[in-house]
Structure formats: structure tokens, C-alpha cells
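As C-alpha cells, the structure follows; a few thoughts come after it.
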Amino acid sequence: MSNQHEYNIETVWTGSSEGPTTSYEGYSREYLVSIPGKPDLRGTADPIFRGDPALHNPEDLLVAALSTCHMLSYLAICARAGLPVVSYSDKATGIMAMKEGQIRFTDVLLRPVVVIGAGADLNRASLFHSEAHHVCFIANSVNFPVRHEAEMSQAAGR
């Protein structure tokens, strides 16, 4: 496995079809992200920045990237350790605020709800969240805290 991975996308401002940027209030923020071999993603600005609330925005996608990276890291660690995960969900929250004169993300809280197989080691499964955080390359790429408050339980079983 190479130490370097390349990701290629194309972003096109599709809002230009509604007219040029003649005023801040008057232009469409809609865009299209194309990734080879995958469905296109329509997006816009966050509604607070005059975007369409029905479309994805970069802020949502950043929080989603952190949540899914943690989940995939966690599942891989559990699988390699032979620890059965029965279900996993997360209700993550990202906070943007003014800091050092710029609006930026200041915190993301992941709230994984994980059910492991009956008889599996619940304490060990809980500890794997710290390891997942450590290996999540998205969390390692941001300059704000990414915290996790996991809710763990075991499936009913024999």
C-alpha cells in the first residue's frame, strides 16, 4: 500500500446558469461535484450564507466526513480484533464560531451508538474508539478538537 493517495474531483459552479455575481444577495450558490465513477453531488452554501437548505453544504459534509471516518476506522479495528459489531449509528454535531477573527469549526462531537455481539468484551469495544480516533485520517487533518462520546451496549443473546 502506497504512503500517498490521490483523490480527484471536479467542482463546477452550476449557479452561473441563473446569472453572474452582480451582488452578494443575487447569485446562486449551487454547485456540482463530480468524482470519476461515482454519482454527482449537488451542493450549495449553508442557508445562513444564502444557500438552498435542501442541498448538501461543505459544513455538513465536513462533519459527515469526520463521523464516517471514525465509524469506518472503528469497524476495521473491531473486525481485525475479532470483536463483532452488530450495529453502529452516530449523531454528530459540528460547531462553527468566530475564533481569532475568523469563522471556523471549533469543535466536533461524535456520538456513536454501538451494539456489540452478546458475550463480547464491552470494555475493550469502548477502548477501540480512542484507537479509531487516533487512526482516522480526517480527524488527523483538522485543526480543531474531534471528540467522541460513545454509547455502548451488548446485543441480547445466549
Side-chain angles (χ1 to χ4, degrees), residues 1-12 29-49 51-100 102-158:
M1 184 173 191
S2 171
N3 289 335
Q4 180 175 317
H5 306 276
E6 183 175 302
Y7 301 90
N8 298 293
I9 69 160
E10 180 181 8
T11 301
V12 175
R29 274 76 170 160
E30 193 167 326
Y31 58 83
L32 188 70
V33 175
S34 298
I35 303 167
K38 299 176 184 177
D40 288 344
L41 174 71
R42 284 181 54 217
T44 187
D46 185 272
I48 199 161
F49 304 115
D52 181 343
L55 297 178
H56 298 290
N57 63 62
E59 296 84 359
D60 292 334
L61 296 173
L62 178 59
V63 176
L66 288 162
S67 174
T68 56
C69 185
H70 183 89
M71 178 191 69
L72 293 170
S73 298
Y74 181 81
L75 294 174
I77 290 164
C78 289
R80 288 183 180 121
L83 195 146
V85 175
V86 175
S87 69
Y88 184 113
S89 63
D90 183 15
K91 291 189 177 181
T93 302
I95 303 295
M96 276 191 1
M98 188 64 73
K99 183 177 178 185
E100 299 170 359
Q102 293 184 312
I103 191 152
R104 60 178 67 187
F105 274 89
T106 57
D107 185 71
V108 167
L109 176 59
L110 308 177
R111 293 182 196 89
V113 176
V114 181
V115 178
I116 61 171
D121 185 339
L122 196 57
N123 186 53
R124 186 172 178 220
S126 293
L127 292 174
F128 284 162
H129 282 287
S130 292
E131 188 175 339
H133 175 75
H134 180 72
V135 300
C136 171
F137 49 86
I138 304 293
N140 289 328
S141 300
V142 299
N143 65 354
F144 52 85
V146 179
R147 301 175 297 119
H148 62 275
E149 294 176 357
E151 181 182 315
M152 305 293 298
S153 64
Q154 283 184 323
R158 311 170 226 184

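The analysis underlying the following values was restricted to heavy atoms, covering all of them including side chains, and did not include hydrogens, waters or symmetry mates.
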Problem set entry | Validation row: Ser130, His148 side chains within 4.5 angstrom (heavy atoms) |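 With C-beta onward as the side chain, the pair touches.
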[atom1]-[atom2] distance between [X] and [Y], expressed to the nearest 0.5 angstrom:
X      : Y      : atom1 : atom2 : value
Arg42  : Leu55  : CZ    : CG    : 4.5 Å
Leu83  : Leu127 : CG    : CG    : 10.5 Å
Ile103 : Met96  : CD1   : CE    : 4.0 Å

For a quick test of reading the model, state the closest non-hydrogen atom pair linking [X] to [Y] and the distance between them.
X      : Y      : value
His133 : Val146 : CE1-O, 3.0 Å
Val108 : Gly94  : CG2-CA, 3.8 Å
Phe49  : Glu59  : CE1-OE2, 3.9 Å
Ala45  : Asn57  : C-CB, 3.8 Å

Could you list the donor-acceptor pairs under 3.5 angstrom formed by side chains in residues 109-122, with sequence neighbours left out?
{"from": "Arg111", "atom 1": "NH1", "to": "Lys91", "atom 2": "O", "distance (Å)": "2.9"}
{"from": "Arg111", "atom 1": "NH1", "to": "Thr93", "atom 2": "OG1", "distance (Å)": "2.8"}
{"from": "Asp121", "atom 1": "OD1", "to": "Asn123", "atom 2": "N", "distance (Å)": "3.1"}
{"from": "Asp121", "atom 1": "OD1", "to": "Arg124", "atom 2": "N", "distance (Å)": "3.0"}

Exercise. Would you say the side-chain atoms of Asn140 pair up with the backbone N or O of His134, donor to acceptor, closer than 3.5 Å?
Worked result: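 Yes.
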Exercise. So with a 6.0 Å cut-off around CZ of Arg104, is the heavy-atom count from everything else above 12?
Worked result: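 Enclosed: over 12 neighbouring heavy atoms sit under 6.0 Å from CZ of Arg104.
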Exercise. Side chain to side chain contact (heavy atoms under 4.5 Å, CB included) with Asp40: which residues, sequence neighbours excluded?
Worked result: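 In terms of side chain to side chain contact (heavy atoms under 4.5 Å, CB included), with neighbours along the sequence ignored, Asp40 is linked to Leu32, Ser34.
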For this session: Would you please test Phe105 and Val142 for side chain to side chain contact (heavy atoms under 4.5 Å, CB included) and show each step?
Result: CA-CA 9 Å; Phe105 274 89; Val142 299; over 6 Å; no
Donor-acceptor pairs are to be reported for all side-chain atoms of residues 62-75 against protein atoms at under 3.5 Å, with residues two or more places apart or in another chain.
{"from": "Ser67", "atom 1": "OG", "to": "Asp90", "atom 2": "OD2", "distance (Å)": "2.7"}
{"from": "Thr68", "atom 1": "OG1", "to": "Ala64", "atom 2": "O", "distance (Å)": "2.8"}
{"from": "Thr68", "atom 1": "OG1", "to": "Ala65", "atom 2": "O", "distance (Å)": "3.4"}
{"from": "His70", "atom 1": "NE2", "to": "His129", "atom 2": "ND1", "distance (Å)": "3.0"}
{"from": "Ser73", "atom 1": "OG", "to": "Cys69", "atom 2": "O", "distance (Å)": "2.8"}
{"from": "Tyr74", "atom 1": "OH", "to": "Ala125", "atom 2": "O", "distance (Å)": "2.9"}

